[in-house]
Amino acid sequence: MPERLEREALAAPALEVAPALVGQVLVRALPGGRRLAARIVEVEAYEQDDPASHAHRGPTDRNRTMFGPPGHLYVYFTYGMHWCMNVVTGPAGQGCAVLLRAGEPLEGIDEMRRRRPGRPVRELCAGPARWTRAFGVDGRLDGADVIDGREIWLERGPGASRVVAAPRVGIRRAADRPWRFLDPGSPALSRPAPPLREPTAQAARRRPPRLGPDATAAR
DNA sequence: CCATAGATCGGCT
DNA sequence: GCCGATCTATGGC
């Protein structure tokens, strides 16, 4: 029997919930009943006291859902054409959330591919806006309950053999915070896995630390 | 493979 | 008016 996640698991800071969501499963029941599912392989944490977060300047009409109770979907529109989805975390009133950036398609692949003819399976949900498109998620699902809801919800998944941290993508403020979490073994990431943050002794020998700025970034 | 430009519009300064 | 928690097409190597 598929087991849904519990709301308490999301009632913690986004920074804590984010790595735990990697390896869980997002399920979508389309209007008409078809079921889509993907294993979460890449997410980003956004805290309230976080210059990169929509919640940073307090509640507005757009970000209202972020300030509500945990376990709901915060969906926003950007770049004039894309939808992105987050899972709201933390206590009500807090304004923190986890952006769902990439997933590995598990069920309903034909239905996803119908929306993206000619795409390899690993690319169908590899990117926050690709994923909402594949799953038929838009602003109408803003605020949906991902614990007890019937349109989209979270189930216990197989987990991930590893979860690594990396800088978040596409932001300017607080760009140095390594608040993106991903399964480096997944073929469905939104971009290739970054270099390991803690290099092996062998790698350290090959590329010794330098004095002064190091241009190498984990991307 | 990589880099760059263009799309396209709501939210906020 | 500016600019995004992005993606795709295109053109170069």
Side-chain angles (χ1 to χ4, degrees), chain A residues 10 13-19 21-22 26 38 40-68 70 72-90 94-103 105 112-144 146 152 164-182 187-195 215-219:
Chain A
L10 304 178
L15 204 45
E16 197 174 306
V17 174
L21 281 179
V22 176
L26 183 72
I40 298 168
V41 297
E42 181 182 339
V43 302
E44 286 176 0
Y46 287 88
E47 295 286 357
Q48 171 151 7
D49 183 20
D50 175 358
S53 172
H54 292 167
H56 184 233
R57 297 171 213 257
T60 65
D61 283 342
R62 173 172 70 152
N63 67 18
R64 188 95 41 212
T65 303
M66 288 185 83
F67 291 85
H72 293 259
L73 203 67
Y74 166 50
V75 183
Y76 69 89
F77 183 67
T78 192
Y79 290 103
M81 65 191 90
H82 297 305
W83 297 96
C84 297
M85 59 182 163
N86 298 247
V87 173
V88 175
T89 73
Q94 264 292 316
C96 46
V98 175
L99 172 69
L100 302 181
R101 282 198 57 89
M112 297 183 211
R113 209 179 345 221
R114 204 176 55 74
R115 298 158 190 255
R116 282 302 172 81
R119 285 277 178 182
V121 173
R122 70 175 172 282
E123 288 183 10
L124 292 173
C125 305
R130 288 174 174 179
W131 198 353
T132 56
R133 172 143 180 206
F135 267 44
V137 169
D138 61 23
R140 289 172 299 198
L141 280 183
D142 182 46
V146 296
I152 188 163
V164 303
R168 294 177 290 184
V169 174
I171 56 169
R172 306 166 43 127
R173 285 128 41 124
D176 54 315
R177 300 185 188 183
W179 287 3
R180 172 171 158 239
F181 300 92
L182 56 101
L189 298 170
S190 70
R191 57 195 55 208
T216 304
R219 277 199 177 194

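Reminder, nothing fancy here: chain letters follow the sequence lines and each chain counts from 1.
In this structure, A:Glu47 places its CD atom 17 Å from P of C:dA5, rounding to the nearest Å. In this entry the distance linking CZ of A:Arg168 with P of C:dT6 reads 11 Å, nearest Å. In this structure, A:Arg172 atom CZ and C:dA5 atom C1' are separated by 13 Å, rounded to whole Å. Whole-Å rounding puts the A:Asn63 CG to C:dA5 C1' distance at 13 Å. Rounded to whole Å, atom C1' of C:dG4 lies 12 Å from atom CZ of A:Arg57. Separating the CZ atom of A:Arg62 from the P atom of B:dT13 is a distance of 10 Å, rounded to the nearest angstrom. When rounded to the nearest whole Å, the span between CZ of A:Arg64 and C1' of B:dG10 equals 16 Å. Atom pair A:Met66:CE and B:dG11:P shows a separation of 15 Å (rounding to whole Å applied).
The environment of CZ in A:Arg140 is sparse: at most 12 heavy-atom neighbours from other residues, nucleotides or ligands sit within 6.0 Å. Annotation for A:Asp138: atom CG counts as buried by contact number, over 12 foreign heavy atoms lying within 6.0 Å.
Taking atom C1' in both C:dC3 and B:dA5, the straight-line distance is 16 Å, to the nearest Å.
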Quick tally for nucleotides 7-13 of chain C: nucleotides whose base has a protein heavy atom under 4.0 Å get B, sugar-phosphate-only ones S, the rest -, giving SS-----
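The minimum heavy-atom distance between A:Asn86 and A:Ala97, with the atom names listed, is CB-CB, 3.8 Å.
A:Glu42 places no side-chain N or O within donor-acceptor distance of the main-chain N or O of A:Arg180, the cut-off being under 3.5 Å. A distance-only check finds no donor-acceptor pair linking the side chain of A:Glu44 to the backbone of A:Arg101 [under 3.5 Å]. Within the 3.5 Å criterion, the main-chain N or O of A:Gly58 finds a donor-acceptor partner in the side chain of A:Asn63. With A:Arg113 contributing its side chain and A:Leu124 its backbone, the two residues share no donor-acceptor pair below 3.5 Å.
A distance cut-off of 5.5 Å between ring centres, combined with a plane angle under 30°, leaves A:Tyr76 outside any stacking arrangement with the base of C:dA5.
Distances shorter than 4.0 Å separate none of the side-chain N or O atoms of A:Arg180 from OP1 or OP2 on C:dA5. A sub-4.0 Å separation between OP1 or OP2 of B:dC9 and a side-chain N or O of A:Thr78 is absent.
Note on A:Asp61: nothing from the nucleic acid sits closer than 4.0 angstrom, heavy atoms only.
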Pairs under 3.5 Å (Watson-Crick or G-U), crossing ones as [ ], inter-strand ones as |: DNA chain B comes out as |||||||.||||.
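Under the side-chain contact (heavy atoms from CB on, under 4.5 Å) rule, A:Pro51 has a single partner from A:Arg173, A:Arg57, A:Arg172, which is A:Arg173.
A:Trp83 and A:Phe77 have tilted rings, their planes meeting at an angle from 30° to 60° on a 0 to 90° scale.
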